[in-house]
Engineer: 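Have a look at this one before I ask anything.
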There are 2 protein chains.
Amino acid sequence: MTAAHDHTPEDEQPFEIAGLRIDILEGAFSWYIRSIDFAVSKDLDARMGHLEVAKGKGKITTLFLIDDYPGIRPSAIAGVLMRDRPATGRIIDKLVTAGLATRETHAGDARAQALHITPKGHALAEEVREIIRQQEREFFDVIPDEDRDQFMRLLKRAYMGIRDKWQ
Amino acid sequence: MTAAHDHTPEDEQPFEIAGLRIDILEGAFSWYIRSIDFAVSKDLDARMGHLEVAKGKGKITTLFLIDDYPGIRPSAIAGVLMRDRPATGRIIDKLVTAGLATRETHAGDARAQALHITPKGHALAEEVREIIRQQEREFFDVIPDEDRDQFMRLLKRAYMGIRDKWQ
DNA sequence: GCAAAGTAGTTGTGAAGAACAACTACACTT
DNA sequence: AAGTGTAGTTGTTCTTCACAACTACTTTGC
């Protein structure tokens, strides 16, 4: 019944976004990554709008790292975030200003700092963990159960490869 | 028939980033998406730094849409970009200012605009297509050949699901 | 020991981007 | 012809970002 209408094979079916085709981007990993990022970041902002670590790219990771590694140095955080030191320092500024973490001079190397979580910061970390879990459940429910492991495996692999290259 | 069952041991190992574990984010789709996006966007900026459509989130897609759909309206582009009209309008401003596209009143609806590519814009679109192809080859070479189709399929599926939810 | 070079983090600055709201102009409906 | 809805612009304000210059401390080499 649809035979005469469209001859494109099943796995190469025309892929329309809002009724339009997007040229070469249709087959570009980068486009999907960037688009999904845009949506997931907005969704996360909405879920965390009322919290002090909302918006921006490194606050949540930084909060968790300080919570999990008492005495961690800013430069170690920068390594995880793939950001430079000024950017990392300013993220830490915000956490300290908000009373979520403390900065001390590192025992043994007075150039470095030792970061510690505050009770308020720890409580917030717990709250954020729950929000992340919730987002994974609610936002990514579009990924069928049978695909989840595979998708995660591929994302991790891509991430690790990209990260190695970047260093 | 299904040969995709080779279970790599890396799936079960503790997953460290720069020697640190990242708490609940280790199992969060959002974290990998956001991290890969960060890296891929930086890489793209580096590859296109000299061009007029470098940086930001919608210029490339907009350029392609205007190139492929002569007379397209800004609101149609906004639909693809998932952005609001002010944001879309300002992207178009930049393309027009740079001499890459033209704005006319839409024949038949004087509220709307009809966008057209200029020769310069078309040439740039060609150049950008080649850069995207190159990035897909060089940057995403970390994805093994045998995983590419599957990864693309999963990304498309996730994207479409997220997009549907959006509207 | 002491100068030189390297490392850790801060500050300054200027350019871009993002969200929201208010506004003009035109189209469609009744 | 009035009211409602749609298309797009402008204005404002708040962040964010990248780069460079700077201070303070540590390590190395002679």
Side-chain angles (χ1 to χ4, degrees), chain A residues 18 34 37-39 41-46 48-62 66 71-98 101-115, chain B residues 18 34 37-39 41-46 48-62 66 71-98 101-115:
Chain A
R34 285 161 64 92
D37 170 77
F38 183 72
S41 296
K42 270 184 112 159
D43 179 77
L44 196 57
D45 284 347
M48 307 214 315
H50 57 297
L51 302 178
E52 276 139 325
V53 290
K55 302 251 176 193
K57 286 207 197 288
K59 295 200 204 75
I60 296 171
T61 308
T62 302
I66 297 175
I72 192 173
R73 303 150 74 120
S75 55
I77 295 173
V80 175
L81 297 183
M82 300 193 280
R83 314 286 296 268
D84 60 10
R85 284 191 245 289
T88 307
R90 283 181 166 122
I91 289 170
I92 295 168
D93 283 347
K94 281 175 193 146
L95 299 188
V96 171
T97 301
T102 61
R103 265 199 263 236
E104 305 162 31
T105 298
H106 200 282
D109 188 346
R111 292 171 303 181
Q113 300 173 349
L115 304 173
Chain B
R34 283 161 65 93
D37 169 77
F38 183 74
S41 295
K42 268 183 112 159
D43 179 79
L44 196 56
D45 284 347
M48 306 213 317
H50 58 297
L51 302 180
E52 276 137 327
V53 290
K55 303 249 179 196
K57 285 201 201 283
K59 295 200 205 75
I60 296 170
T61 308
T62 302
I66 296 174
I72 193 173
R73 303 149 73 118
S75 56
I77 295 172
V80 174
L81 297 183
M82 299 192 281
R83 314 285 295 268
D84 59 9
R85 285 192 243 290
T88 308
R90 282 182 167 121
I91 290 170
I92 295 168
D93 282 348
K94 281 176 192 144
L95 300 189
V96 171
T97 302
T102 60
R103 265 199 262 238
E104 304 161 32
T105 299
H106 200 282
D109 187 344
R111 292 171 302 180
Q113 299 172 350
L115 304 172

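To find a chain, count down the sequence lines: A is the first, B the second, and so on, and within it residues start at 1.
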Engineer: Would you say the side chain of Phe38(A) lies within less than 4.5 Å of the side chain of Arg34(A), judging by non-hydrogen atoms?
Structural biologist: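 No, every pair of side-chain atoms sits at 4.5 Å or beyond.
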
Engineer: Arg73(A) has an atom CZ; how far is it from atom C1' of dT10(C), in whole Å?
Structural biologist: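 In whole Å, dT10(C) C1' lies 16 Å from Arg73(A) CZ.
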
Engineer: Testing the basics here: between Ala78(A) and Thr88(A), what is the closest heavy-atom pair and its distance to 0.1 Å?
Structural biologist: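 Reported closest heavy-atom pair: CB-OG1, 3.2 Å.
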
Engineer: Taking side chain as C-beta onward, heavy atoms only, is Arg85(B) less than 4.5 Å from Ser75(B)?
Structural biologist: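 Yes - at least one pair of side-chain heavy atoms lies under 4.5 Å apart.
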
Engineer: Could you tell me whether the side chain of Leu81(A) reaches within less than 4.5 Å of the side chain of Lys57(A), counting heavy atoms only?
Structural biologist: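 Sidechains of Leu81(A) and Lys57(A): no contact.
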
Engineer: Please report, rounded to the nearest Å, how far the C1' atom of dG9(C) is from the CG atom of Leu95(A).
Structural biologist: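 Taking atom C1' of dG9(C) as the reference, CG of Leu95(A) is at 16 Å.
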
Engineer: Tell me, do Thr61(B) and Ile91(B) make a side-chain contact under 4.5 Å, heavy atoms counted?
Structural biologist: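 Contact flag for Thr61(B)/Ile91(B) side chains = no.
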
Engineer: Arg103(A) versus Asp93(A): any side-chain heavy-atom pair under 4.5 Å?
Structural biologist: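 Side chain of Arg103(A) against side chain of Asp93(A), heavy atoms only: contact under 4.5 Å found.
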
Engineer: Would you say dC17(D) has OP1 or OP2 under 4.0 Å from some side-chain N or O of Arg85(A)?
Structural biologist: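 For dC17(D), neither OP1 nor OP2 has a side-chain N or O of Arg85(A) closer than 4.0 Å.
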
Engineer: Is the shortest side-chain heavy-atom distance between Val80(B) and Thr62(B) below 4.5 Å?
Structural biologist: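 Counting from C-beta outward, Val80(B) and Thr62(B) never come under 4.5 Å.
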
Engineer: Starting at atom CG of Asp93(A), determine the distance to atom C1' of dG9(C), rounded to an integer number of angstrom.
Structural biologist: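 One finds 10 Å between C1' of dG9(C) and CG of Asp93(A), rounded.
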
Engineer: What is the per-nucleotide protein-contact pattern of nucleotides 25-30 of chain C, from the 5' end, where B denotes a base atom under 4.0 Å from a protein heavy atom, S denotes such proximity for sugar-phosphate atoms only, and - denotes neither?
Structural biologist: -BS---

Engineer: Once you round it to whole Å, what is the distance between C1' of dT10(C) and NE2 of His106(A)?
Structural biologist: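 That distance rounds to 18 Å.
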
Engineer: Separation of Asp37(B) atom CG from dC17(D) atom C1', in whole Å?
Structural biologist: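 Checked: the CG to C1' distance equals 15 Å.
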
Engineer: Which nucleotides of nucleotides 13-23 of chain C have their base under 4.0 Å from a protein heavy atom (B), which only their sugar-phosphate (S), and which neither (-), written as one string 5' to 3'?
Structural biologist: B---SSBBB--

Engineer: For a 4.5 angstrom cut-off between non-hydrogen side-chain atoms, does Leu95(B) reach Leu115(B)?
Structural biologist: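 Not in contact.
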
Engineer: With heavy-atom distances below 4.5 Å as the criterion, would you say the side chains of Leu44(A) and Ile60(A) are in contact?
Structural biologist: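 With C-beta onward as the side chain, the pair touches.
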
Engineer: Under 4.0 Å between a side-chain N/O of Ser75(B) and OP1 or OP2 of dT6(D), yes or no?
Structural biologist: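 No, outside the criterion.
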
Engineer: Could you give the CD-to-P distance, from Gln113(A) to dA24(D), as a whole number of Å?
Structural biologist: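 About 15 Å, once rounded to whole Å.
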
Engineer: Between Leu115(A) (CG) and dG9(C) (P), how many Å, whole number?
Structural biologist: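 Roughly 8 Å, once rounded to whole Å.
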
Engineer: Nearest whole angstrom, please: distance from the C1' of dT16(D) to the CG of Leu81(A).
Structural biologist: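 Rounding to the nearest Å, CG of Leu81(A) and C1' of dT16(D) are 15 Å apart.
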
